[in-house]
Colleague: 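My questions all concern the structure below.
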Amino acid sequence: MKIRKNLLIDLLMKDNYSGNEGVISPMIIEELTKLGFEVSMDDIGNISAIRGKAERYPLLNAHLDQVDYSNNWISTYYSGKNSSDYLAYDKGLYESIEDFVDYMTKEELEEYFDCTNCSSTYKGCVDSVNNKICNRFILKFGDYAKAKKIAQNEYGLDFTMFDKTKNKEEFHITDVNGKLQGSGGRVLGGDDKCGIFIALEVARLNRKQPMKILFTVSEEIGCVGISHFIKFNKEWFDDVAYSITIDRKSGDNLLWSQCGTRSCSDGFASRMALAGIKCGIPIKVQDGSIADVVEIRDIVDEAVNISAGYYDPHSEDEYVLVSDVKKIIQWVRTFLKEEM
Ligand SMILES: [Zn+2]
């Protein structure tokens with residue numbers, strides 16, 4: 001089995017940080033179309049695709065964005081909030097602050113505005129002791145970069161640890177015996193372009209297999225894309241038999257639960273683990289954390305998240321092992337055929 005390493009490298013070269021997925025979407029849509037899929041894109045950029053006729057489809061899922069490393073302090077800050085509604089507001093999916101306020105409970109608003117002071121005045125505040133600015137403060141200035149600058153200059157916050165001196169233009173990838181590593185200044189983004197690549201290769205190599213594919217935007221800033229897609233396209237999942245999210249570090253993980261809540265049956269997990277072992281992967285069944293699968297598991301009976309072959313994600317040191325990626329492609333291909 002030969003995989004298209006060049007396509008993987010082409011994807012990894014792109015800086016598709018959350019909100020900038022457009023730098024890879026066109027090539028992905030072109031690929032899917034070539035592979036015989038009927039492709040759609042929704043109003044925020046999620047790409048959904050369907051191929052062939054089946055009563056029940058397998059679904060392959062991955063996310064289109066990567067961590068914006070230069071704004072990593074914001075991702076870190078947001079990830080603690082764990083609510084896609086806040087991000088939905090930031091993304092402009094609510095028309096006005098009044099709409100948003102009507103929609104949220106008092107507790108949720110307090111969480112959004114970080115403190116009771118902010119939730120009564122809708123004004124943002126700066127916590128120079130803990131080096132934090134609140135969401136409202138960011139919103140007040142329209143975008144993160146501006147808010148950050150003001151927080152730095154007027155309130156003396158120190159964000160230098162997040163500042164990047166390296167020029168993003170100079171980004172390049174080294175390939176040492178199939179270990180792909182970026183030159184720094186941003187993440188390589190194997191998380192989750194490996195997931196995208198694996199789904200595309202499985203679709204190419206299992207050419208006759210009917211399947212659905214869903215690639216989502218802004219996963220890294222709070223599963224914004226998947227939440228939006230499910231909200232407006234719930235029926236799309238009616239004929240999905242099972243869902244495989246490909247968005248986990250390393251090469252041998254099968255995540256059958258997230259934050260302690262199971263997302264698939266014992267039978268499904270063991271069939272999937274067995275398929276992996278047949279492909280020479282010493283499968284580790286584990287519990288995972290936040291990913292698109294957390295939303296998908298609520299509407300699809302059998303949902304898992306599996307390794308995508310990237311290591312040290314969300315850092316400049318991130319790398320991808322092509323040998324892992326290849327094995328995972330074989331694993332998913334084998335499982336899909338067996339479940340047909
Ligand atoms: Zn990811």
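Below, each value reflects all heavy atoms present in this structure, side chains not excepted, and no hydrogens, waters or symmetry copies.
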Colleague: Measure the spacing between CG of Asp238 and CD1 of Ile299 and express it to the nearest 0.5 Å.
Modeller: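 If we round to the nearest 0.5 Å, Asp238:CG and Ile299:CD1 are 8.5 Å apart.
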Colleague: Check whether any side-chain N or O of Trp256 sits under 3.5 Å from a backbone N or O of Ser270 as a donor-acceptor pair, and report yes or no.
Modeller: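 Such a contact is absent between Trp256 side chain and Ser270 backbone.
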Colleague: I'd like to check Leu188 versus Gln66 (side-chain heavy atoms, cut-off strictly below 4.5 Å). Are they in contact?
Modeller: no
Colleague: Can you confirm whether more than 12 heavy atoms, excluding those of Asn177, are under 6.0 Å from its CG atom?
Modeller: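 Not buried by this count: 12 neighbours or fewer within 6.0 Å.
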Colleague: Check step by step if side-chain hydrogen bond (donor to acceptor under 3.5 Å, both in side chains) holds for Asn20 and Asn16.
Modeller: CA-CA 5 Å; Asn20 197 40; Asn16 54 309; over 6 Å; no
Colleague: Assess Lys212 against Tyr57: is NZ or CZ under 6.0 Å from the centre of the six-membered ring, and within 45 degrees of the ring's axis?
Modeller: yes
Colleague: Report yes if some heavy atom in the side chain of Ile9 is under 4.5 Å from a heavy atom in the side chain of Leu11; otherwise report no.
Modeller: no
Colleague: Can you list the steps and then say if Lys249 with Asp312 is a salt bridge (charged side-chain N to carboxylate O under 4.0 Å, His left out)?
Modeller: CA-CA 7 Å; Lys249 64 180 185 222; Asp312 293 338; over 6 Å; no
Colleague: In Å and rounded to the nearest 0.5 Å, what is the CG to CD distance from Leu12 to Gln181?
Modeller: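 Output value for this atom pair is 11.5 Å.
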Colleague: Does a salt bridge link Arg297 with Asp301, judged by any charged N lying under 4.0 Å from a carboxylate O?
Modeller: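 No, this pair does not count.
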Colleague: Mind running side-chain hydrogen bond (donor to acceptor under 3.5 Å, both in side chains) on His314 and Glu220 for me, showing each step along the way?
Modeller: CA-CA 10 Å; His314 300 198; Glu220 297 288 6; 3.1 Å; yes
Colleague: If you measure from CG on Asp15 to CZ on Arg186, what distance do you get to the nearest 0.5 Å?
Modeller: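 Atom-to-atom, Asp15:CG and Arg186:CZ are 4.5 Å apart.
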Colleague: Evaluate the side-chain hydrogen bond (donor to acceptor under 3.5 Å, both in side chains) criterion for residues His228 and Asn233: first the C-alpha distance (whole Å), next the side-chain angles of each, then the deciding distance (0.1 Å), finally the verdict.
Modeller: CA-CA 8 Å; His228 183 79; Asn233 304 277; over 6 Å; no
Colleague: For the residue pair Ile290 and Glu219, what are the closest heavy atoms and their distance?
Modeller: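 What the structure gives for the nearest pair is O-OE2, 3.9 Å.
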Colleague: Would the distance check show the side chain of Lys193 and the main-chain N or O of Ile24 forming a donor-acceptor pair, the cut-off being under 3.5 Å?
Modeller: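 No, because the side chain of Lys193 does not come within donor-acceptor range (under 3.5 Å) of the backbone of Ile24.
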Colleague: Using the side-chain contact (heavy atoms from CB on, under 4.5 Å) rule, take Leu32 and Leu200 through it: C-alpha gap first, then chi angles, then the decisive distance, then the call.
Modeller: CA-CA 7 Å; Leu32 287 167; Leu200 291 174; 3.7 Å; yes
Colleague: Could you walk me through whether Met1 and Ile329 pass the side-chain contact (heavy atoms from CB on, under 4.5 Å) test, one step at a time?
Modeller: CA-CA 10 Å; Met1 181 187 80; Ile329 292 169; 4.1 Å; yes
Colleague: Shortest non-hydrogen contact from Ser48 to Trp236?
Modeller: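 Shortest heavy-atom contact: CB-CZ2, 3.7 Å.
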Colleague: If you compare all heavy atoms of Ile281 against all heavy atoms of Gly251, which two are closest, and at what distance to 0.1 Å?
Modeller: CG2-O, 3.5 Å
Colleague: Do Ile28 and Phe215 have side-chain heavy atoms sitting under 4.5 Å apart?
Modeller: yes
Colleague: Looking only at heavy atoms, what is the nearest atom pair of Leu60 and Met211, with distance?
Modeller: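 So the minimum-distance heavy-atom pair works out to CD1-SD, 4.0 Å.
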Colleague: Can you tell if the side chain of Ile283 reaches within under 4.5 Å of the side chain of Trp331, non-hydrogen atoms only?
Modeller: yes
Colleague: Do Ser265 and Glu302 pair up side chain to side chain, a donor and an acceptor below 3.5 Å, judged on atom types alone?
Modeller: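 The answer is yes; a qualifying pair exists.
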Colleague: Given side chains that start at C-beta, do those of Phe197 and Cys194 come closer than 4.5 Å, heavy atoms only?
Modeller: no
Colleague: Distance check, rounded to the nearest 0.5 Å: Asp42 atom CG versus Leu214 atom CG?
Modeller: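 If we round to the nearest 0.5 Å, Asp42:CG and Leu214:CG are 8.5 Å apart.
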Colleague: Considering residues, nucleotides and ligands other than Glu235, do more than 12 of their heavy atoms fall under 6.0 Å from its CD?
Modeller: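 Counting other residues, nucleotides and ligands, CD of Glu235 exceeds 12 neighbours.
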Colleague: Looking only at heavy atoms, what is the nearest atom pair of Pro58 and Pro210, with distance?
Modeller: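 Heavy atoms only, the tightest pair is CD-O, 3.4 Å.
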Colleague: Nearest heavy-atom pair of Leu7 and Met27: which atoms, and what distance?
Modeller: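 Looking at all heavy atoms of both residues, the shortest contact is CD1-CE, 4.0 Å.
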Colleague: Quick check: does any side chain N or O of Glu318 sit under 3.5 Å from a backbone N or O of Gly190, one acting as donor and the other as acceptor?
Modeller: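 Side chain of Glu318 to backbone of Gly190, a donor-acceptor pair under 3.5 Å: yes, one is there.
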Colleague: Donor-acceptor pair, distance only, cut-off 3.5 Å: does the side chain of Ser289 make one with the backbone of Cys259?
Modeller: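 Such a contact is absent between Ser289 side chain and Cys259 backbone.
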Colleague: Begin with the C-alpha distance, continue with both residues' side-chain angles, and end with the deciding distance and a verdict on side-chain hydrogen bond (donor to acceptor under 3.5 Å, both in side chains) for Thr216 and Asp292.
Modeller: CA-CA 8 Å; Thr216 60; Asp292 281 353; 2.5 Å; yes
Colleague: I'd like to know if the side chain of Ser18 pairs up with that of Asp65 as donor and acceptor (distance under 3.5 Å, no hydrogens or angles considered).
Modeller: yes
Colleague: Between Lys14 and Asp10, does the salt bridge (charged side-chain N to carboxylate O under 4.0 Å, His left out) criterion hold? Intermediate values first, please.
Modeller: CA-CA 7 Å; Lys14 300 284 199 301; Asp10 283 352; over 6 Å; no
Colleague: Passes side-chain contact (heavy atoms from CB on, under 4.5 Å), Gln330 versus Lys327? Steps please.
Modeller: CA-CA 5 Å; Gln330 197 52 46; Lys327 273 189 193 161; 5.5 Å; no
Colleague: Under a 4.5 Å cut-off applied to non-hydrogen side-chain atoms, are Leu59 and Phe237 in contact?
Modeller: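 The answer is yes; the side chains approach within 4.5 Å.
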Colleague: Strictly below 4.0 Å, N to O, side chains only: are Glu338 and Lys278 in salt-bridge contact?
Modeller: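 Salt bridge between Glu338 and Lys278, a charged N being under 4.0 Å from a carboxylate O: yes.
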Colleague: Taking only residues two or more places apart in sequence, or in another chain, which ones meet Asn206 in a side-chain hydrogen bond (donor to acceptor under 3.5 Å, both in side chains)?
Modeller: Gln209, Arg333
Colleague: Is there a donor-acceptor pair under 3.5 Å between the side chain of Ser183 and the backbone N or O of His172?
Modeller: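 A pair under 3.5 Å: yes.
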Colleague: Among Asp247, Thr245, Asp192, exactly one meets side chain to side chain donor-acceptor pair (under 3.5 Å) together with Asn61. Which residue is that?
Modeller: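 Going through the options one by one, the only one that passes is Thr245.
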Colleague: Hey, could you give me the CD1/NZ distance between Ile173 and Lys179, rounded to the nearest 0.5 Å?
Modeller: 14.0 Å
Colleague: Answer whether the closest heavy-atom distance between the side chains of Ile3 and Val322 falls below 4.5 Å.
Modeller: yes
Colleague: Applying side chain to side chain donor-acceptor pair (under 3.5 Å) as the test, list every pair that has at least one member in residues 23-34; sequence neighbours left out.
Modeller: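 Listed once each, the pairs are Arg4-Glu31.
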Colleague: Could Asp252 and Lys284 be called an ion pair, given the rule that one side-chain N must be under 4.0 Å from one carboxylate O?
Modeller: yes
Colleague: Just by distance, do the side chain of Asp287 and the backbone of Gly260 share a donor-acceptor pair under 3.5 Å?
Modeller: yes
Colleague: Does Tyr319 reach the side chain of Asp317, with side-chain heavy atoms less than 4.5 Å apart?
Modeller: no
Colleague: Could you state whether Ile47 and Ile198 fall into the same hydrophobic cluster, counting links through intermediate Ile, Leu, Val, Met, Phe, Trp or Tyr residues with side-chain heavy atoms under 4.5 angstrom apart?
Modeller: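 Yes: a chain of side-chain contacts under 4.5 Å links Ile47 to Ile198.
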Colleague: Measure from the side-chain N and O atoms of Asn253 to the backbone N and O of Leu255, and report whether any donor-acceptor pair falls under 3.5 Å.
Modeller: no
Colleague: Partners of Phe268 by ring pair (Phe, Tyr, Trp, His ring centres under 6.0 Å), sequence neighbours excluded?
Modeller: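 So Phe268 forms a ring pair (Phe, Tyr, Trp, His ring centres under 6.0 Å) with Tyr242, Phe335.
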Colleague: I need the Asp239 CG to Lys53 NZ distance, nearest 0.5 Å.
Modeller: 9.5 Å
Colleague: With the threshold set at 4.0 Å, does a side-chain nitrogen-carboxylate oxygen contact exist between Arg248 and Asp191?
Modeller: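 Salt bridge absent between Arg248 and Asp191.
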Colleague: Just do the side-chain contact (heavy atoms from CB on, under 4.5 Å) check on Met272 and Val304 with the steps written out, would you?
Modeller: CA-CA 9 Å; Met272 184 126 199; Val304 290; 4.0 Å; yes
